[in-house]
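Count residues from 1 along the sequence.
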Amino acid sequence: MSGKFSRGLAVADGSLDMFRANPRLAVLPLCSLLLVGSGFAVAAGIALHYGLVASLLTNDFLQYTALFVSIALTSSLGTFFNAAVAHCAFRYFDGDDPTVEEGLRAAWGHAVLSLSGRSPPRRWYRPVHP
C-alpha cells in the first residue's frame with residue numbers, strides 16, 4: 001500500500017513541477033473553477049429571480065433536478081479542463097513545451113469524439129519523438 005501512496009505522491013509532485021515550469025498552464029484549473037462558480041451563480045440568480053428558493057426546499061422534483069444539473073455542470077467542466085491539463089502534462093513529460101491553446105484543442109477533440117460515440121485513440125496526443 002505504501003508503494004502506491006508514494007507513487008501517487010511522485011505523480012502529484014511531477015504535475016506540480018509541470019505547473020512550476022509552465023505557470024501559464026495554471027490557467028486551465030482556474031478556468032474550470034471560474035466557470036463552475038459562475039454557473040452556480042447564474043443558477044442561484046435564476047432561482048432568486050423567479051422565486052424558486054422556497055420551491056427548491058419543499059419540492060422533491062426540483063431538488064433532484066437541481067442536484068442533477070449541478071452534478072452535470074461540475075463533472076462536465078471538470079472533466080474537460082482536466083483532460084486539457086492531462087494533455088499538457090503528457091506533452092511536458094515527453095519534453096515539449098505545451099500551451100494552453102494546445103491543451104484546450106486536445107480536450108475539445110476528445111470531447112467531440114466521446115460525444116459522437118466513437119472511442120478516442122489509446123494515446124490521443126501526437127508524440128514528439130516517434
**Message:** Side chains of P98 and F90, heavy atoms from C-beta outward: is any pair under 4.5 Å?
**Reply:** no
**Message:** Would a single hydrophobic cluster contain both V100 and L34, if residues Ile, Leu, Val, Met, Phe, Trp and Tyr are joined by side-chain heavy-atom contacts under 4.5 Å?
**Reply:** no
**Message:** Who clusters with Y64? Use side-chain heavy atoms, under 4.5 angstrom, across I, L, V, M, F, W and Y, and order the result by chain and number.
**Reply:** none
**From E101 atom CD to W108 atom CH2, the distance as rounded to the nearest 0.5 Å** = 15.0 Å
**Asked** Hydrophobic cluster mates of L52, side-chain heavy atoms under 4.5 angstrom, ILVMFWY only, any path?
**Response** V42, I46, Y50
**Prompt:** Between D94 and R91, is there a salt bridge with N-O shorter than 4.0 Å?
**Reply:** no
**Prompt:** Can you list the other members of the hydrophobic cluster that holds L57, where links are side-chain heavy atoms under 4.5 angstrom apart?
**Reply:** none
**Prompt:** Which atom pair, heavy atoms only, marks the closest approach of H87 to G103?
**Reply:** CD2-CA, 3.8 Å
**Fill in**
Taking every heavy atom of L25 against every heavy atom of T99, the minimum-distance pair comes out as CD2-C, 3.8 Å
**Message:** Looking at A54, is its backbone amide N or carbonyl O close enough to the side chain of T58 to form a donor-acceptor pair, meaning the two atoms are under 3.5 Å apart?
**Reply:** yes
Cut-off 3.5 Å, no hydrogens considered: what does the side-chain donor-acceptor table look like for residues 66-86, sequence neighbours left out?
from	atom 1	to	atom 2	distance (Å)
S70	OG	A66	O	3.2
S70	OG	L67	O	2.8
T74	OG1	S70	O	2.9
T74	OG1	I71	O	3.3
S75	OG	I71	O	2.7
S75	OG	A72	O	3.4
S76	OG	A72	O	2.7
T79	OG1	S75	O	2.7
N82	ND2	G78	O	3.2

**Complete:** All heavy atoms of L62 vs all of L56, minimum pair found to be O-CD2, 3.5 Å
**Request:** Write out all pairs satisfying salt bridge (Lys or Arg N to Asp or Glu O under 4.0 Å) with one or both partners inside residues 30-39, taking only residues at least two apart or from two chains.
**Result:** none
**Prompt:** What distance separates C88 SG from N22 CG, expressed to the nearest 0.5 Å?
**Reply:** 8.0 Å
**Item:** Contact list for residues 24-41, test salt bridge (Lys or Arg N to Asp or Glu O under 4.0 Å), sequence neighbours left out
**Value:** R24-D97
**Euclidean distance, L104 CG relative to C31 SG, rounded to 0.5 Å** = 7.0 Å
